[in-house]
Amino acid sequence: MTLVLSAATTRAQDTFKIRQDNGAGTIRLAVSDFKGQPDALKHSFDGTLSADLANAGIFDLVSKSMNPQSTPGLPAEINLAQWSAAPTSAAMVTFGNFTVAGGKILVNGFLFDAKNSQYPQVFAKQYRENATEDMARQIAHRLADEIIFRLGGGIPGIAETKIYYVKVSGGGTKEIWEMDYDGANQHAITHLGTVSLSPRVSPDNSRIAFSTLGRDGFQIKMYSLLLGRLVNFSSVGGTNLSPAWSPSGQQLAFSSSRTGDPEIWVSDPQGSMAHKITSFRGPDVSPTWNPKTGAQLAWISGRTGLPQLYIMDSDGSGVQRLTDGGYATSPSWSPNGQFVAFAWDRKYGPGAPGGQDIYVMEIASKRWIQLTHDGGRCDFPSWSPDGRHITYANSPDGKAEHARIMSMLADGTEKHALTGSGADMPNWSTH
C-alpha cells in the first residue's frame, strides 16, 4: 500500500489529497457467515471477521443482506455464479465452517475468486484453538490478516496488532494499558500508582518504554512484556520524557533536561551510552525515528518560539524545519518513511479561530493534509504498521479527562472511537 498525493491546490502550502492505493484498485469482497451451530462463539467470530475486513480500507465489502440465501461451508457447497451475479456482484468470497467440540474451536476458512470458475480457490486455512470468546476473535483476526495479505499487495494486515495507551485511573493516577487494534480486550499493563505517559512498544513487541513520575521527577522506565515486569533502565537527573525506539530496536531517543534545557538524547535500550544530539536554546521534545531508514528523526522544537516540527539526521546534523507557524506537537513517522503525522494548531493564539487537529505532511515536498476537522482537541497520532490507518487521542470538549482513543484511515475517513473517556497517548505495535 502507498499513500498517493494528488490535486494540490494553487496555494503553495495548502492541502493535497491522500488516497489509499493497494496497486489493484478496490476489491469487491463478500463475507459469508460461517456454517455451523449458532452460538456466542460463532457470533463473535463472524462479527469480528466482517469488522476486520471492513476496517482494512482496501475492500468494497458487500452488505450481508445482498448475499445469496444459502450458507456454504465447504467448496462443494458454494455456487459461485450466485455470488458473482447481481446484487452480490462479488469479485472475491470468503466462507467456511465453524464447529465447537471437546472444548476446541475448529474453523475451516476459504477464499475464492468468484470470477474464476475453473480454479476459484485462492487459499484454504484451518484453525484449532481453545473454545473461548477471545480465541474465536483471534482466529477471525488471523483469517482476516491472511485475506488482507493475499489481496492487499502482500502487506501484512493489522488485525492481530495491539495499541498501547495511557488510561486515567482512580485518584488521578495514569497507567499503561493495552487493547486489540479494534478496541477489544482492554486491560492494564502497569500498576504503579503514579502518572505514566507516552508508552512506546519496541519493534519486536517485547518491551514498552514510557515515562513515569517518581521521587526524581519523570524518568524513563522499561517494561518487559515477556517477563511481565519492569526491567532495568538507567535513571538520571532532570525530566526525561517521550521515548522513541529506533527501527532496529537497538537505540532509544528521548527528551531529557539532565544538562539544563530539554534536549534530544539517544541511548541503548538499557539507558546507557547516552549522548545528546541537539543543543539549542528552547525545549526539544517528542522524537520519532524514520522507520524505513533509521537514519533520521523528526521532533518538536521551541528554538524559534512556538513549538515547530523539524527533522534531522540521527547524529543531529541536517536540521530542517517543516512547519511554517502555529503550534505543532506529537509527530509520528509513517512506516514507508514518506510522511509525518502530527498535531497542529495552525492559527494558535489569543482569540484565534484555530483548533488542534491531526495533519499529515509529505516530507519531500512539505505539502500537508488536515485529517480531522471541528471534532475537538486531537493529539498523539500513531501509524498502524501497514500505513493504512492512524490512531490518535481526541477530546470533544478539549478537557483532558474526556480524551478517548480514535482510529481512522490514513486519508482521514472512517473515524471511530476505540475507547471511552479517560484514554490518551496511543501507540500502535509494529506487528
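Sequential numbering from 1 along the given sequence is applied to the chain's residues. None of the values given here were measured: they were computed from a predicted structure.
Classified by interplanar angle (parallel below 30°, tilted 30° to 60°, perpendicular above 60°), the ring pair Trp428/His389 is tilted.
Formation of a donor-acceptor pair under 3.5 Å by the Glu178 side chain with backbone atoms of Ile163 is not found in this model. Looking at Trp245, its side chain never comes within 3.5 Å of a backbone N or O of Gln251 through a donor-acceptor pair. Although no hydrogens or angles enter the test, the distance criterion places no donor-acceptor pair under 3.5 Å between the side chain of Trp177 and the main chain of Gln186.
No hydrogens or angles considered: nothing links the side chains of Asp46 and Thr48 as a donor-acceptor pair under 3.5 Å. Checking Tyr127 against Asn108 by side-chain atom types alone, no donor-acceptor pair falls below 3.5 Å. Using modelled atom types, one finds no donor on one side chain facing an acceptor on the other under 3.5 Å when comparing Ser407 with Lys415. Side chain to side chain, Thr239 and Arg258 fail the donor-acceptor criterion of an N or O pair below 3.5 Å.
Other residues, nucleotides and ligands contribute at most 12 non-hydrogen atoms within 6.0 Å of the OH atom of Tyr327. Within a 6.0 Å sphere centred on NZ of Lys104, other residues, nucleotides and ligands contribute more than 12 heavy atoms.
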Problem - Phe34 vs Phe98, ring pair (Phe, Tyr, Trp, His ring centres under 6.0 Å): CA-CA, chis, key distance, verdict - result: CA-CA 6 Å; Phe34 274 41; Phe98 183 104; 7.8 Å; no
Exercise for the section: Assess whether ring pair (Phe, Tyr, Trp, His ring centres under 6.0 Å) is satisfied between Phe380 and Tyr392, documenting all intermediate values. Expected result: CA-CA 5 Å; Phe380 305 109; Tyr392 62 102; over 10 Å; no
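Ion pairing between Glu362 and Lys366 fails under the 4.0 Å rule for side-chain N and carboxylate O. The pair Glu263-Lys276 fails the salt-bridge criterion, with no side-chain N (NZ, NE, NH1 or NH2) lying under 4.0 Å from an Asp/Glu carboxylate O. Taking 4.0 Å as the cut-off between side-chain N and carboxylate O, Lys347 and Asp345 do not count as a salt-bridged pair. Salt bridge present: Asp180 and Arg137 bring a charged side-chain N and a carboxylate O closer than 4.0 Å. A salt bridge links Arg142 with Glu129; the closest basic N to acidic carboxylate O contact falls under 4.0 Å.
Taking the ring centre of Tyr310 as origin, the terminal cationic atom of Arg303 falls inside the region bounded by 6.0 Å and 45° from the ring axis.
Of the candidates Thr391, Thr372, Asn394, Met408 forms a side chain to side chain contact (heavy atoms under 4.5 Å, CB included) with just one, namely Thr372.
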